[in-house]
**Q** 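This is the structure I want to talk about, given as structure tokens.
Residue numbering restarts at 1 for every chain, and letters A, B, ... go by the order of the sequence lines.
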Number of protein chains: 2
Amino acid sequence: MTTKERIIETAIALFNEKGTHAVTTNHIAAAMDISPGNLYYHFRNKAEIIRAIFDQMDRVGFDDYQQIIALHPAGSLAAMEETFLMIQRFNWRYRFFKRELTVFILNDPLLRERHIKVHQAMLQLIRHSIASSVAQGMLRSMPEDELNLFTEEIWLLTLFWLNYLEVGGEEITEETLRRGNELVRQTVRCRMTDQGLRLMEKHAG
Amino acid sequence: MTTKERIIETAIALFNEKGTHAVTTNHIAAAMDISPGNLYYHFRNKAEIIRAIFDQMDRVGFDDYQQIIALHPAGSLAAMEETFLMIQRFNWRYRFFKRELTVFILNDPLLRERHIKVHQAMLQLIRHSIASSVAQGMLRSMPEDELNLFTEEIWLLTLFWLNYLEVGGEEITEETLRRGNELVRQTVRCRMTDQGLRLMEKHAG
DNA sequence: GTCTATAAGCGGATAGAC
DNA sequence: GTCTATCCGCTTATAGAC
């Protein structure tokens, strides 16, 4: 791993542990046993480190997104759960980001725009996924309004499950992540047709 | 309003606007046209201002909670919606707090414990409310597991609706808050009995 | 209670040697 | 690429006059 990469990984670890504002460039340098000057050779300043992390997130996020797309036709429910867990893993790796997101967005219009685009894309992905489940007769068809709210509900649950666990003082484990998945599944089950429910039972058994 | 109160109100406004870390004691003093020294006469440091705000939140939150309790027997659905909006207003007034909550909790074990207690109390309140709706025949009875998940879903939606709007780049208005309410309502509707649905229709019409 | 002035400390950032 | 040394600026916090 290059020094630049090590700086980024160390920064992610420390940001996740203490929050970006409690972590200084000096802390990052000290934690990886290099001098502050060396750190500044690789990055102009702290903001640039954060930007580099965001870029990494974009790349990883894009790869994940491609995987989700590829997964999607495979089978509605299983694909959805795989997607949920994938997003949770992403949110966990970059958990400082989600924690401080609103403040970042407040102070950085560019990040705001970028994030809104991702947000919209995810909503569309979910809506599309729901529509295809309806077409397959797994979900009952519903009026436009209800479909929109349903879409937002799924996305909100997925987006904030990790945060929910954290502010409730729960550990993030396989078990608690699985519970979030259960939550989404139950929300979906509410809108299932009899046929969909039968298929799900079979799948579970 | 005393200077002390004005400091608190100014701090809340600035924290909401810029985030706690971007706002210094000097900024607060300047914004209200007093000297930094004067501010330090009333508060030992910035952390103490934040603590004073938390204390205010506790008091306001407790009053709101009492109102919710009082509201509760009045009528399930209407009370639930009133509660939702009350919590949104609270979250909006202290929006810096919810935005930075995970980081606060990370660095302050006491706040963590306090917050977890509130979290648990709200879950219990919701669970109790659901149980009484089931007893009244409004909601279909459900297995323990489903009830727990349902409770958490309601609470998660209520807790994060404001955050959801913010990270999605939406304005907080009567309209968008109402949409959050719709979301919760739809989640509840999924579990309603025929009797409950009829009552709701009548209520809406 | 409120002001002005100022000290102390820290984080961010750069220069220049190696 | 990496280090040491150092500077700038800002925030916190205090002392002492009014």
Side-chain angles (χ1 to χ4, degrees), chain A residues 1-56 96-97 99-111, chain B residues 1-56 96-97 99-100 102-104 106-111:
Chain A
M1 214 178 353
T2 67
T3 302
K4 194 161 187 169
E5 288 167 339
R6 284 180 58 225
I7 292 171
I8 289 179
E9 290 307 311
T10 309
I12 292 174
L14 290 178
F15 289 164
N16 281 339
E17 196 184 331
K18 302 273 186 191
T20 51
H21 136 241
V23 175
T24 70
T25 47
N26 282 6
H27 292 152
I28 299 171
M32 55 191 287
D33 267 311
I34 64 167
S35 67
N38 192 359
L39 183 145
Y40 276 92
Y41 171 79
H42 293 282
F43 293 95
R44 185 183 267 94
N45 52 42
K46 183 172 158 185
E48 203 178 272
I49 299 176
I50 295 180
R51 251 179 265 122
I53 297 175
F54 289 173
D55 289 342
Q56 185 186 104
F96 79 93
F97 176 76
R99 284 174 187 151
E100 302 179 35
L101 180 54
T102 10
V103 180
F104 287 150
I105 282 178
L106 226 55
N107 299 315
D108 181 349
L110 257 73
L111 180 65
Chain B
M1 211 176 358
T2 68
T3 302
K4 194 159 185 167
E5 287 166 342
R6 284 180 58 225
I7 292 172
I8 289 178
E9 289 307 311
T10 309
I12 291 174
L14 290 177
F15 289 163
N16 281 339
E17 196 184 331
K18 303 273 187 191
T20 51
H21 137 240
V23 176
T24 69
T25 47
N26 281 8
H27 293 152
I28 298 170
M32 54 190 291
D33 267 312
I34 64 166
S35 67
N38 191 0
L39 184 144
Y40 276 92
Y41 171 79
H42 292 282
F43 293 96
R44 184 182 270 96
N45 52 41
K46 183 171 153 184
E48 202 179 274
I49 299 177
I50 295 180
R51 251 178 266 121
I53 297 176
F54 289 171
D55 289 343
Q56 185 187 102
F96 80 92
F97 176 76
R99 284 174 187 151
E100 302 179 35
T102 8
V103 180
F104 287 150
L106 227 54
N107 300 314
D108 181 349
L110 257 73
L111 179 65

**Q** Check each residue of residues 16-27 of chain A for a non-hydrogen atom within less than 4.0 Å of any atom in DNA chain D, then write out the ones that pass by number, or none.
**A**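 Within this stretch, nothing sits under 4.0 Å of the strand.
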**Q** Send over the distance from A:Ile49 CD1 to C:dG11 P, rounded to a whole Å.
**A**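 From A:Ile49 CD1 to C:dG11 P: 15 Å.
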**Q** Compare all side-chain heavy atoms of A:Phe43 with those of A:Thr25 and state whether any distance is below 4.5 angstrom.
**A**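 A:Phe43 does not reach A:Thr25 side chain to side chain.
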**Q** For B:Met32 and C:dG1, what is the distance between atoms CE and P respectively, to the nearest whole Å?
**A**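 Checked: the CE to P distance equals 13 Å.
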**Q** CZ of A:Arg44 versus P of C:dT14: gap in Å, rounded?
**A**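 These atoms are roughly 8 Å apart.
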**Q** What is the separation between atom CG on A:Leu39 and atom C1' on D:dT4, rounded to the nearest whole Å?
**A**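 Going from A:Leu39 (CG) to D:dT4 (C1'), I get 15 Å.
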**Q** Side-chain contact test, heavy atoms from C-beta onward, threshold under 4.5 Å: evaluate it for A:Ile7 versus A:Met32 and give yes or no.
**A**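 In short, these two side chains touch, coming nearer than 4.5 Å.
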**Q** At their closest point, which heavy atom of A:His21 faces which heavy atom of B:His21, and how far apart are they?
**A**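 Reported closest heavy-atom pair: CD2-CD2, 3.4 Å.
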**Q** Would you say the ring centroid of B:Phe97 lies under 6.0 angstrom from that of B:Phe54?
**A**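 Under 6.0 Å, so yes.
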**Q** Quick one: are A:Ile12 and A:Gln56 in side-chain contact, heavy atoms under 4.5 Å?
**A**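 A side-chain contact exists here, since the closest heavy-atom pair is under 4.5 Å.
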**Q** Measure the distance from NE2 on A:His42 to C1' on D:dC3 and round it to the nearest whole Å.
**A**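 Rounding to the nearest Å, NE2 of A:His42 and C1' of D:dC3 are 12 Å apart.
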**Q** Rounded off to whole Å, could you give me the OH-to-C1' distance for the B:Tyr40 and C:dT2 pair?
**A**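 So the two atoms are 16 Å apart, to the nearest Å.
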**Q** Between C:dA13 atom C1' and A:Asn38 atom CG, what is the distance in whole Å?
**A**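 So the two atoms are 14 Å apart, to the nearest Å.
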**Q** Out of D:dC3, D:dG1, C:dG1, which nucleotide sits closest to the side chain of A:Tyr41?
**A**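 For A:Tyr41, the side-chain atoms sit closest to D:dG1.
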**Q** If you find the nucleotide of DNA chain C closest to B:Pro36 and the one closest to A:Asn45, which residue's nucleotide is nearer the 5' end?
**A**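 Between the two, 5'-proximity favours B:Pro36.
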**Q** Round to a whole Å and report the spacing from NZ of B:Lys4 to P of C:dT2.
**A**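 Atom NZ in B:Lys4 sits about 12 Å away from atom P in C:dT2.
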**Q** State, with a plain yes or no, whether a side-chain heavy atom of B:Tyr41 is found less than 4.5 Å away from one of B:Thr3.
**A**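 Heavy-atom side-chain distance check fails, nothing below 4.5 Å.
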